[in-house]
Amino acid sequence: MALEGPLTSPAAMSPGDVVGVRVRALASSGAGVADLPDGRVVFVHRTAPDDRVEIRLGRIRPRWATGRLTRIVEPGGSRVDAPCRLYPACGGCTLQHLEYDAQLTWKARFVADALERIGKVRVGIPAVEPSPRRLRYRNRVTFTLRRLRDGSVVAGFHGLADPDELVDVDGACLLPEPSILRAWEALRGCWGVGAAALPEGRELRLTLRLTDDGVVLFVKGGQRSWQAPGLLGAVPDLVSVWHQPFGGRRARLVQGRQAFDRWRGERLPVAGRGFLQVNREAAEPMTERVLERAPAEVGTCIDGYCGVGVYGRALARRGWNVTGIEMEPEAVAAARRDAPPGFHAVEGSMERELEAHLPADFAILNPPRSGLDERVTETLSRIPPRHIAYVSCDPATLARDVARLHNRYRVAHVEAFDLFPQTAHVETLAVLDRVPEA
């Protein structure tokens, strides 16, 4: 039923009710934000600011609810038609229905809002560097493959409405670079009934990575004895296949040859999942901006969560003495390969290794989405580098970590980069300067 007028009791609304609302903002998840007649906030994916829409209520909580779009009554000014036919159900993208300039505007707000609300820091609305390509930009894509009880296979991305469901993704996906998409379509066509050519197991994760030498397939899950029979000849541009069973520490090369990728003039080995950015063209200005934030006078540097050591190797070539810290063995091996003098890669977690390599003049931190472990922020507060360049893929965890460091650092600069067009993800560079002790 359609609801009209204010409601006096939260219990008056039920899942399944249809409500008319006007969308006033976007949440950092990409969902539209609107107000229900009873005052609760409702989050609705596939809606845009200033849309007037009809929604069907889903979960209802004391202060908020979720809804599903059923009808657009009047579109907002920034709404566009999503180009991908998979978009209605697929959770791989969340902002295809929003014009690109509006995507950038809201991503800047996500960063500013998180820093102010969680970090208690006002930085204004940061600039966002646009991506040169808005589609076909990903050189690495991970798909989930699930074997169903009836013997069929579904392989793709998690669903928008239900993350436990998988949306079967074929060649219609608009995110991968063309070589990745060709390889994916060929792989789907040759893995056989029930994906018999792939390792056994109910669920696998399949990552395709485009390198200088061709496409690399990384398979996670299944039995240790898998040998990738027949895949190299059947999948175009495929040069190597890596396998890591669930629970295994390392990936092993099971077919093909070692592939290499080139980044900022360096030729680096790609093992397993690979550790370079997925949007090469958009990552280049971000990398340059991080390096520009290094002090003019060379000294010692911590390259935290260093991956293959892109930042640290570049600084070492400028005369810095850099310690890279990384816990993935394959990345550490790649970082050490032909490393320039002055760069040393340590295998281990930041929580365990950081203190042994401090003090330092400069630190680059590029943590996973979960941000810095509290033990890392505690160590940085006790033995603070003079400057920190923090590269974050989640504004909320960045803001949390800034709050933890506020007694020793001030935020000197913030800017953002759109490495993931059509999604709500945004990459942020925050520069922190040590506050002189009183």
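Position 1 is the first residue of the sequence; numbering continues from there. These numbers come from a predicted model, not from an experiment.
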- prompt: Under 4.0 Å between a Lys/Arg side-chain N and an Asp/Glu carboxylate O for Asp51 and Arg79?
  reply: yes

| Is the shortest distance from a Lys or Arg side-chain nitrogen in Arg136 or Glu177 to a carboxylate oxygen in the other one below 4.0 Å? | no

Side-chain donor-acceptor pair present, His413, Glu415, cut-off under 3.5 Å: yes

| said: If we count only N and O atoms by modelled type, under 3.5 Å, do the side chains of Thr300 and Asp361 hold a donor and an acceptor together? | reply: yes

Review point. Do NZ/NE/NH1/NH2 and the carboxylate oxygens of Asp168 and Arg188 come within less than 4.0 Å?
Key: yes

* May I ask you to check whether Arg400 and Thr397 show a side-chain donor-acceptor distance below 3.5 Å? => no

For His357 and Ile302 the tightest heavy-atom approach is O-CD1, 3.4 Å

*asked:* Looking at Arg352 and Asp373, is any side-chain nitrogen of the basic one under 4.0 Å from a carboxylate oxygen of the acidic one?
replied: no

### Message
Looking at Arg267 and Asp213, is there a salt bridge between them, counting it only when a charged N and a carboxylate O are closer than 4.0 Å?
### Response
yes

Any side-chain donor near an acceptor of the partner, Asn366 and Tyr311, under 3.5 Å | no

query = So with a 6.0 Å cut-off around CD of Glu292, is the heavy-atom count from everything else above 12?
reply = yes

With sequence neighbours left out, the residues meeting ring pair (Phe, Tyr, Trp, His ring centres under 6.0 Å) with Trp106 are none

Discussion item. With a 4.5 Å cut-off on side-chain heavy atoms, are Val278 and Phe420 touching?
Written reply: yes

Check whether the side chains of Ser131 and Asn279 place a donor and an acceptor atom closer than 3.5 Å, and report yes or no. yes

dist His425:NE2 -> Leu95:CG (nearest 0.5 Å) comes out at 9.5 Å

Rounded to the nearest 0.5 Å, the CG atom of Asp303 sits from the CZ atom of Phe362 at a distance of 9.5 Å

* Between Arg382 and Glu378, is there a side-chain N and carboxylate O pair less than 4.0 Å apart? -> yes

Check your understanding: Charged N to carboxylate O under 4.0 angstrom, Lys107 versus Asp418?
Key -> yes

The reported gap from CG in Leu268 to CZ in Arg313 (rounded to nearest 0.5 angstrom) is 5.0 Å

Q.
Within 45 degrees of the ring normal and closer than 6.0 Å to the centroid, is that where the cationic atom of Arg46 sits relative to Tyr87?
A. yes

Using side-chain heavy atoms (C-beta onward) and a distance below 4.5 Å, is Thr144 in contact with Leu204? no

Review point. So do Val235 and Val215 actually touch side chain to side chain, heavy atoms under 4.5 Å?
Key: no

Test: Asp35 and Arg40 ion pair at under 4.0 Å:
no

### Glu284 bridged to Arg289 by N-O distance under 4.0 Å
no

